[in-house]
S.K.: 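Submitted below is the structure of interest, expressed as structure tokens.
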Amino acid sequence: MSSTEELLKRLGVSIDAETLRLALTHRSYAYENGGIPTNERLEFLGDSILGFSVTDSLYRDNPELPEGELAKRRSAVVSTRALAGIGRDLGIGEFIYLGQGERLTDGKNKSSILADTMEALIGATYLSNDIETARQLVMRLVGPLLKDAAALGAGTDWKTSMQELAASRQLGSIYYAVEGSGPDHARSFEAVLQIGGTAYGKGTGHSKKEAEQEAAADAWRTLNSKLAASSKAGSQADAAHSA
């Protein structure tokens with residue numbers, strides 16, 4: 001099986017060879033190869049299809065939600081972080097055509113490049129097939145995210161969501177302890193979110209910002225699970241007392 005066949009198998013779609021190569025051509029590679037076309041126009045197209053597909057699904061499946069909450073959930077699903085996560089799960093990075101500079105700085109794992117390529121692949125699927133095939137691809141890719149109420153509720157900025165949670169519960173000030181490792185061209189970071197000297201979440205990334213966001217997401221889920229468990233235990237105790 002060729003590399004392109006493997007990629008199409010992972011996506012579950014058919015895309016003609018020329019359009020697929022275009023969808024995988026990053027501007028850094030195009031620049032180093034005589035200014036050939038890049039995937040940016042396909043990215044533009046795929047972004048619109050992604051946004052419409054997610055909006056349509058959220059509208060139909062959540063008749064009780066107001067516009068503001070629908071918008072917040074859509075933002076979470078179509079964010080760079082969400083799309084990059086999908087790209088990493090599919091191993092898209094190994095198929096992207098990158099220039100030497102991006103290859104040396106681990107471009108295949110950069111969130112922005114992965115997210116842009118995912119959008120380009122959605123656009124390529126539409127051009128090689130039809131809108132329904134592209135919509136089905138979007139739903140397969142983001143379906144798990146649409147069902148993750150906790151992640152959607154937090155929106156796209158985990159640090160802000162974590163700050164709001166800590167303030168509402170009067171937990172104290174948040175501090176991110178961040179450490180970097182590796183050579184300059186392949187730097188990685190690990191962040192630990194602490195409140196009152198206690199660690200609540202950890203995260204890693206290719207930038208401090210990405211690592212902190214992952215740590216905030218981890219802490220947000222941890223705290224909400226603890227709060228939910230505490231609330232449930234309290235309700236059970238009240239019920240037993242009343243009985």
S.K.: According to salt bridge (charged side-chain N to carboxylate O under 4.0 Å, His left out), does anything in residues 107-126 pair up with another residue at least two apart or in another chain? List the pairs.
M.R.: Glu102-Lys110
S.K.: Please evaluate residues Leu24 and Leu121 with respect to the criterion side-chain contact (heavy atoms from CB on, under 4.5 Å), reporting the C-alpha separation (whole Å), side-chain torsions for both, the decisive distance (0.1 Å), and the verdict.
M.R.: CA-CA 8 Å; Leu24 297 171; Leu121 287 168; 4.2 Å; yes
S.K.: Over all heavy atoms of both residues, which pair between Ile49 and Ala134 is shortest? Give the atoms and the distance, please.
M.R.: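 Scanning both residues completely, I find the closest heavy atoms to be CG2-CB, 4.0 Å.
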S.K.: Just checking Arg140: does its CZ atom have more than 12 heavy atoms from other residues, nucleotides or ligands closer to it than 6.0 angstrom?
M.R.: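 Yes, enclosed.
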S.K.: Any chance CZ of Arg103 has more than 12 other-residue heavy atoms, nucleotides or ligands included, within less than 6.0 Å?
M.R.: yes
S.K.: Would you say Leu20 and Leu7 make side-chain contact, with heavy atoms under 4.5 Å?
M.R.: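 Result yes, sub-4.5 Å side-chain heavy-atom pair found.
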S.K.: Looking at residues at least two apart in the chain, or sitting in another chain, which of them share a side-chain hydrogen bond (donor to acceptor under 3.5 Å, both in side chains) with Arg88?
M.R.: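 So Arg88 forms a side-chain hydrogen bond (donor to acceptor under 3.5 Å, both in side chains) with Ser111, Glu210.
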S.K.: Report the C-alpha separation of Thr125 and Leu11 in whole Å, then their side-chain angles, then the decisive distance to 0.1 Å, and conclude whether the side-chain contact (heavy atoms from CB on, under 4.5 Å) test is met.
M.R.: CA-CA 10 Å; Thr125 299; Leu11 292 171; 5.6 Å; no
S.K.: What distance separates Leu22 CG from Glu40 CD, expressed to the nearest 0.5 Å?
M.R.: 10.5 Å
S.K.: Between CG of Asp61 and CG of Leu70, what distance do you get to the nearest 0.5 Å?
M.R.: 10.5 Å
S.K.: Output the distance between atom OG1 (Thr117) and atom CD1 (Ile92), rounded to the nearest 0.5 Å.
M.R.: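 Between Thr117 OG1 and Ile92 CD1, I get 8.0 Å after rounding to 0.5 Å.
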S.K.: Are the side chains of Leu42 and Leu127 in touch, meaning some heavy atoms are under 4.5 Å apart?
M.R.: yes
S.K.: Counting only N and O atoms by type, is there a donor-acceptor contact under 3.5 Å from the side chain of Ser28 to the main-chain atoms of Gly99?
M.R.: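 Yes: the side chain of Ser28 pairs with the backbone of Gly99.
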S.K.: Classify the angle between the aromatic ring planes of Tyr97 and Tyr29 as parallel (below 30°), tilted (30 to 60°) or perpendicular (above 60°).
M.R.: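 Answer is tilted, since the angle falls between 30° and 60°.
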S.K.: Is Ile15 reachable from Ile131 through a run of I, L, V, M, F, W or Y residues, each pair having side-chain heavy atoms under 4.5 Å apart?
M.R.: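 Yes: a chain of side-chain contacts under 4.5 Å links Ile131 to Ile15.
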S.K.: Hey, does the side chain of Ser57 reach the backbone of Ser53 with a donor-acceptor pair shorter than 3.5 angstrom?
M.R.: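 A pair under 3.5 Å: no.
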S.K.: Please step through side-chain contact (heavy atoms from CB on, under 4.5 Å) for the pair Val77 and Leu50, ending with a clear verdict.
M.R.: CA-CA 9 Å; Val77 172; Leu50 171 67; 5.5 Å; no
S.K.: Closest heavy-atom contact between Tyr176 and Lys159?
M.R.: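 Scanning both residues completely, I find the closest heavy atoms to be OH-CG, 3.5 Å.
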S.K.: Is there a continuous path of hydrophobic side-chain contacts, each under 4.5 Å between heavy atoms, that joins Met118 to Val13?
M.R.: yes
S.K.: Does the pair Lys72/Glu69 count as a salt bridge with the N-to-O cut at 4.0 Å?
M.R.: no
S.K.: Can you confirm whether Trp158 sits close enough to Arg81 that some side-chain heavy atom of one is under 4.5 Å from a side-chain heavy atom of the other?
M.R.: yes
S.K.: If Ile, Leu, Val, Met, Phe, Trp and Tyr residues are connected whenever their side-chain heavy atoms lie under 4.5 Å apart, and connections chain through other members, are Ile36 and Leu98 in the same group?
M.R.: yes
S.K.: Drop me the distance from Ile195's CD1 to Ile174's CD1, to the nearest 0.5 angstrom.
M.R.: 5.0 Å
S.K.: Work out which heavy atom in Gly101 is nearest to a heavy atom in Glu32; give both atom names and the distance.
M.R.: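 Nearest pair, atom of Gly101 first, then Glu32: N-OE2, 3.8 Å.
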S.K.: Given Asp130 and Thr133, is the side chain to side chain donor-acceptor pair (under 3.5 Å) satisfied, shown in steps?
M.R.: CA-CA 5 Å; Asp130 50 42; Thr133 302; 2.8 Å; yes
S.K.: Around atom CD of Glu64, are there more than 12 heavy atoms of other residues, nucleotides or ligands at under 6.0 Å?
M.R.: yes
S.K.: Let me check something: do Leu145 and Leu65 share a hydrophobic cluster, defined by ILVMFWY side-chain heavy atoms less than 4.5 Å apart, either directly or through other members?
M.R.: yes
S.K.: Do Leu58 and Met139 share a hydrophobic cluster (ILVMFWY, side-chain heavy atoms under 4.5 Å, transitive)?
M.R.: yes
S.K.: Can you give me the closest heavy-atom contact between Ala211 and Gly205, atom names plus distance?
M.R.: CB-N, 3.9 Å
S.K.: Start with the C-alpha gap between Ser181 and Ser188, add the side-chain angles, then the distance that decides, and say whether side chain to side chain donor-acceptor pair (under 3.5 Å) holds.
M.R.: CA-CA 5 Å; Ser181 61; Ser188 63; 3.2 Å; yes
S.K.: Given Leu193 and Asp218, is the side-chain contact (heavy atoms from CB on, under 4.5 Å) satisfied, shown in steps?
M.R.: CA-CA 9 Å; Leu193 184 153; Asp218 185 34; over 6 Å; no
S.K.: Please check if atom CZ in Arg10 has more than 12 non-hydrogen atoms from other residues, nucleotides or ligands closer than 6.0 Å.
M.R.: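 Counting other residues, nucleotides and ligands, CZ of Arg10 exceeds 12 neighbours.
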S.K.: If I compare all heavy atoms of Val54 with all of Val138, which pair ends up nearest, and what's the gap?
M.R.: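 Closest approach of Val54 to Val138: CG2-CG1, 4.2 Å.
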S.K.: Can you tell me if Ser128 uses its side chain to pair, donor with acceptor, with the backbone of Asp16 under 3.5 Å?
M.R.: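 Here the side-chain-to-backbone pair exists.
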S.K.: Drop me the distance from Lys9's NZ to Leu90's CG, to the nearest 0.5 angstrom.
M.R.: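 It is 13.5 Å, given to the nearest 0.5 Å.
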S.K.: How about CD on Glu94, more than 12 heavy atoms from neighbouring residues, nucleotides or ligands closer than 6.0 Å, or not?
M.R.: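 Atom CD in Glu94 is packed in, count exceeds 12.
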S.K.: List the atom of Gly172, the atom of Ala166, and the distance in Å for their closest heavy-atom pair.
M.R.: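 Nearest pair, atom of Gly172 first, then Ala166: O-CB, 4.2 Å.
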S.K.: Between atom CD of Gln136 and atom CG of Leu141, what is the distance when rounded to the nearest 0.5 Å?
M.R.: 12.0 Å
S.K.: Are the side chains of Ser14 and Leu8 in touch, meaning some heavy atoms are under 4.5 Å apart?
M.R.: no
